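Because only heavy atoms are used, hydrogens play no part in the values below, and waters and symmetry mates are left out as well, while side chains stay in. Here the structure is a predicted model, which is why all the values come from computation and not from measurement. In listed order, ligands and their atoms are each counted from 1. Counting begins at 1 with the first residue of the sequence.
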Amino acid sequence: MKILISAGPTREKIDPVRYISNRSSGKMGYALAEAAVKSGASVTLVSGPVSLTPPSGLALLISVESAAEMTDAIRKEAESSDVIIMCAAVADYRPVMAAEQKLKKKGERLILELEPTEDILAGLGGRKKSTQILVGFAAETEKLLEHAEDKLKRKNLDWIIANDVSRSESGFESDKNQAVILGRNGAKTVIPLQSKKEMAETIISVVCGKNNGGK
Ligand code: CTP
């Protein structure tokens, strides 16, 4: 089985020294990659900039910076993958133009124009093979299950990991996490607060199990 996992944030360049990014540490994605390797799969990890040591035993590690670079890497690897888990916190917007030289302050208001990036997961959902399992994450601060179910349907996923990032004891930089795994056919697995390593093992066993989408 070949599993493709994305992890970490992306960085969208404003000028040579500044970028837009987010609070993703990459810990959840790296824990998933480690659990997937342990399960005996051939694992490709596409990682945004993080300060973590990649798990040993990966088939391939592709390091990227921007959402556009992540899109290219995932597209290239997706075709030959049985399971794709998009755990990366991909930027939804990027500056329309990155300045070639460092922007100098002028003491006035500065307006930064942003354009949407490509939704990698929705693109994969649109051309998903019937044998492929597609897994997304929904990091939400309100209406957790409602928003997650909407993403599951809208992006044509088999599974979505609904993650409440408003809680201080779990989510972004934390070593712990709690979530609900929702399947396209109605399965619901509640994962209580636990280490990202433990959670990763549960996620891998659920999404790689025979019970595809929770039928
Ligand atoms: N994702 C992606 N490409 C993007 C943005 C997000 O593949 N450009 C993936 C993430 O890896 C995650 C899922 O989509 O698995 C959820 O991302 P999110 O940004 O929360 O979803 P949106 O549909 O953009 O909804 P919103 O920003 O309104 O919450």
Revision key, fill the gap. So side chain to side chain donor-acceptor pair (under 3.5 Å) across residues 80-91, not counting sequence neighbours, yields Lys2-Ser80
**Study point:** Minimum-distance pair of heavy atoms, taken over all atoms of Thr189 and Val206
**Key:** OG1-CG2, 4.5 Å
Check your understanding: More than 12 foreign heavy atoms under 6.0 Å from CD of Gln101: is that the case here?
Key -> no
Study note, to complete from the structure: the protein heavy atom lying closest to atom 7 (O) of ligand 1 turns out to be Leu121 N, 2.8 Å
Review point. Between Asn156 (side chain) and Gly125 (backbone), is there a donor-acceptor pair under 3.5 Å?
Key: yes
Check your understanding: At what distance, to the nearest 0.5 angstrom, does CG of Asp15 lie from NZ of Lys102?
Key -> 7.5 Å
**Study point:** salt bridge (Lys or Arg N to Asp or Glu O under 4.0 Å) assessment of Arg75 paired with Glu118
**Key:** CA-CA 12 Å; Arg75 273 218 200 117; Glu118 185 178 327; 2.8 Å; yes
Check your understanding: Going by an N to O cut-off under 4.0 Å, is there a salt bridge joining Asp175 and Lys27?
Key -> yes
Exercise for review: Determine, using heavy atoms of Met70 and all atoms of ligand 1, whether some pair is separated by less than 4.0 Å.
Suggested key: no
Point to revise | For atom 26 (P) of ligand 1, the protein heavy atom that lies nearest, with its residue and separation | key: Lys151 NZ, 3.8 Å
Check your understanding: Is it the side chain, the backbone, both or neither of Thr117 that has a heavy atom closer than 4.0 Å to ligand 1?
Key -> side chain
Practice item. Group every Ile, Leu, Val, Met, Phe, Trp and Tyr by side-chain heavy-atom contacts under 4.5 Å, then state whether Leu61 and Ile5 land in the same group. Key: yes
Revision key, fill the gap. for atom 13 (C) of ligand 1, nearest protein heavy atom and its distance come out as Phe137 O, 3.1 Å
**Study point:** His147, portion touching ligand 1 at heavy-atom distance under 4.0 Å
**Key:** neither
Exercise for review: Give the residue, atom name and distance (to 0.1 Å) of the protein heavy atom nearest atom 10 (C) of ligand 1.
Suggested key: Ala88 O, 3.4 Å
Review point. Of all the heavy atoms in Ala91, does at least one lie under 4.0 Å from an atom in ligand 1?
Key: yes
Check your understanding: When rounded to the nearest 0.5 angstrom, what distance separates NZ in Lys196 from CE in Met199?
Key -> 8.5 Å
**Study point:** Option with minimal heavy-atom separation from atom 14 (O) of ligand 1, where the choices are Lys155, Glu140, Met86
**Key:** Lys155
Study note, to complete from the structure: If you scan protein heavy atoms around atom 27 (O) of ligand 1, the nearest is Asp92 OD2, 3.2 Å
Review point. What part of Ala67 sits under 4.0 Å from ligand 1 if we count only heavy atoms: the side chain, the backbone, both or neither?
Key: neither
Check your understanding: Which atoms of ligand 1 are found less than 4.0 Å from any heavy atom of Gly136?
Key -> 15 (O)
Practice item. Could you tell me the residue and atom name of the protein heavy atom closest to atom 3 (N) of ligand 1, and the distance to it rounded to 0.1 Å? Key: Ile120 N, 3.0 Å
Revision key, fill the gap. re atom 8 (N) of ligand 1, the protein heavy-atom contact at minimum distance is Glu118 O, 2.8 Å
